Number of protein chains: 2
Amino acid sequence: MTKQFDDTSSQFDHPCPIRDVLDRIGDQWSLLILKTLENRTIRFTALHKEIGDISRQMLSRTLKKLEKDGYIVRTIYAETPPRVEYALSDLGQSFLKPMNALITWANDNHKAINLARRKS
Amino acid sequence: MTKQFDDTSSQFDHPCPIRDVLDRIGDQWSLLILKTLENRTIRFTALHKEIGDISRQMLSRTLKKLEKDGYIVRTIYAETPPRVEYALSDLGQSFLKPMNALITWANDNHKAINLARRKS
DNA sequence: CAGGATCCGCTCGGATACTG
DNA sequence: CAGTATCCGAGCGGATCCTG
């Protein structure tokens with residue numbers, strides 16, 4: 001148990017699987033994008049509008065990373081103008097199960113946290 | 001649902017509780033520290049040694065932030081040399097429940113993710 | 001429409017040195 | 001022992017402009 005997060009095991013495979021996985025989706029946008037893709041397929045621009053405060057640059061980068069890690073599936077339709085749709089893969093969907101539990105927790109407890117924060 | 005992460009609701013309270021909470025523990029060390037504190041009380045230097053690759057600077061900063069948000073409790077003993085012990089608060093313990101589900105998921109799926117990653 | 005390329009500021013986080 | 005102060009580099013992420 002105490003070694004779950006240990007970082008000194010191997011040289012080739014990533015030392016700690018948990019840090020390996022969580023560090024990559026711990027950026028500012030990954031979780032939000034995955035959650036926004038839940039139960040639907042959506043195009044790049046629509047996703048951009050829905051999230052609102054993300055730059056197209058970061059949306060593109062983050063989608064690419066999530067695709068590379070296997071969380072999402074990108075489908076290109078050979079049309080003009082081009083159409084590209086994003087959806088969760090099976091892996092992405094399975095990830096949202098524990099993630100939704102965390103989201104629920106955050107919803108339930110953010111008031112307590114803000115209260116503690118203000119007490120300084 | 002689609003508005004869970006929305007960022008345009010209010011001006012005073014944080015717009016999105018989920019982003020509010022998750023953004024703050026989404027740094028490099030918070031989750032690892034909380035997990036390391038699970039089911040025990042531990043001193044600063046012991047914590048530092050156990051995590052290994054964190055600087056004392058960041059350990060101190062992150063502990064302070066986690067304490068301020070109410071996740072952990074800091075107890076000072078008036079001795080010489082000084083002794084300070086850290087432990088999870090009730091909030092911190094309750095947070096680890098959904099978090100552990102995520103950790104389990106990461107453990108179960110990191111191989112699939114690394115495989116997808118290497119297929120490029 | 002769906003992005004890539006470029007530039008650039010800002011924050012995260014490490015190293016080191018110092019303090020009560 | 002348990003931190004704080006200072007300095008600094010690397011990379012995240014935004015803005016803008018360009019392309020197929």
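Only this structure's heavy atoms are used, side chains among them; waters, hydrogens and symmetry mates stay out. Remember, predicted model here, so these are calculated numbers, not experimental data. Chain identifiers are assigned alphabetically (A, B, ...) following the order of the sequence lines, protein sequences preceding nucleic acid strands; residue numbering begins at 1 within each chain.
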>> Can you see if the side chain of B:Ser60 gets near the phosphate of D:dT4 - specifically, an N or O under 4.0 Å from OP1 or OP2?
In response: yes
> If you fit an axis to the five pairs at each end of the helix from C:dC1-D:dG20 to C:dG20-D:dC1, how big is the angle between those two axes, to 10 degrees?
Replying inline: 50°
> Can you list the steps and then say if B:Asp27 with B:Lys65 is a side chain to side chain contact (heavy atoms under 4.5 Å, CB included)?
Replying inline: CA-CA 11 Å; B:Asp27 59 67; B:Lys65 189 187 65 179; 2.2 Å; yes
> When you measure from the side chain of B:Ser89 to the backbone N and O of B:Gly70, does any donor-acceptor pair fall under 3.5 Å?
Replying inline: yes
> How long is the gap from CG on B:Leu96 to CG on B:Leu31, to the nearest 0.5 Å?
Replying inline: 9.0 Å
> Of the nucleotides D:dA2, D:dG14, C:dA2, which has the atom closest to the A:Gln57 side chain?
Replying inline: D:dG14
Under 3.5 Å, which protein N or O atoms sit close to an N or O of nucleotides 10-13 of chain D? Give each pair with its distance.
residue, atom, partner, partner atom, Å
D:dG13, OP1, A:Gln28, N, 3.0
D:dG13, N7, A:Arg61, NH1, 3.1

> At under 4.0 Å, does any side-chain N or O of A:Tyr86 touch on OP1 or OP2 of C:dC1?
Replying inline: no
> Hey, are B:Glu50 and B:Arg43 close enough for a salt bridge, meaning a charged N less than 4.0 Å from a carboxylate O?
Replying inline: no
>> Rounding to an integer number of Å, can you tell me how far B:Leu32 CG sits from C:dG13 C1'?
In response: 14 Å
> Between C:dG13 atom C1' and A:Arg19 atom CZ, what is the distance in whole Å?
Replying inline: 13 Å
> Rounded to whole angstrom units, what separation is found between the NE2 atom of A:His48 and the P atom of C:dC1?
Replying inline: 12 Å
>> Taking salt bridge (Lys or Arg N to Asp or Glu O under 4.0 Å) as the cut-off, I'd like each qualifying pair that reaches into residues 90-100 of chain B, sequence neighbours left out, listed once.
In response: none
> Which residues satisfy the salt bridge (Lys or Arg N to Asp or Glu O under 4.0 Å) test with A:Arg83, sequence neighbours excluded?
Replying inline: A:Glu79, A:Glu85
> Rounded to whole angstroms, how far apart are CD1 on B:Ile54 and P on C:dG14?
Replying inline: 7 Å
Each nucleotide N or O in nucleotides 18-20 of chain C that has a protein N or O under 3.5 Å away: list the pair and distance.
none

> Between atom CG in A:Leu59 and atom C1' in C:dA2, what is the gap in whole Å?
Replying inline: 10 Å
>> Filter on ring pair (Phe, Tyr, Trp, His ring centres under 6.0 Å), then keep only pairs touching residues 55-85 of chain B, sequence neighbours left out; what's left?
In response: B:Tyr71-B:Phe95
> From the list D:dG3, D:dA2, C:dG3, which nucleotide is the closest neighbour of the side chain of B:Arg83?
Replying inline: D:dA2
>> Show, in sequence, the C-alpha distance, side-chain angles and deciding distance for B:Asn100 and B:Glu38, and conclude whether the side chain to side chain donor-acceptor pair (under 3.5 Å) test is met.
In response: CA-CA 10 Å; B:Asn100 277 327; B:Glu38 192 172 31; 2.9 Å; yes
> Atom CG of B:Leu47 to atom P of D:dG3: distance rounded to whole Å?
Replying inline: 10 Å
> Could you state the NZ-C1' distance from B:Lys49 to D:dC1, rounded to the nearest angstrom?
Replying inline: 11 Å
> When the distance from CD1 of A:Ile51 to P of D:dG14 is rounded to whole Å, what number comes out?
Replying inline: 11 Å
>> side chain to side chain contact (heavy atoms under 4.5 Å, CB included) for B:Val73 and B:Glu67? Distances and angles first, verdict last.
In response: CA-CA 6 Å; B:Val73 176; B:Glu67 186 196 5; over 6 Å; no
> Is any side-chain N of the basic residue among A:Asp20 and B:Arg117 closer than 4.0 Å to the acidic one's carboxylate O?
Replying inline: yes
> Quick one: on DNA chain C, does A:Pro81 or A:Lys64 contact a more 5' nucleotide (nearest heavy atom)?
Replying inline: A:Pro81
>> Between B:Lys64 and B:Asp69, does any side-chain N to carboxylate O distance fall below 4.0 Å?
In response: no
>> Nearest 0.5 angstrom please: B:His48 NE2 to B:Ser60 OG, how far?
In response: 10.5 Å
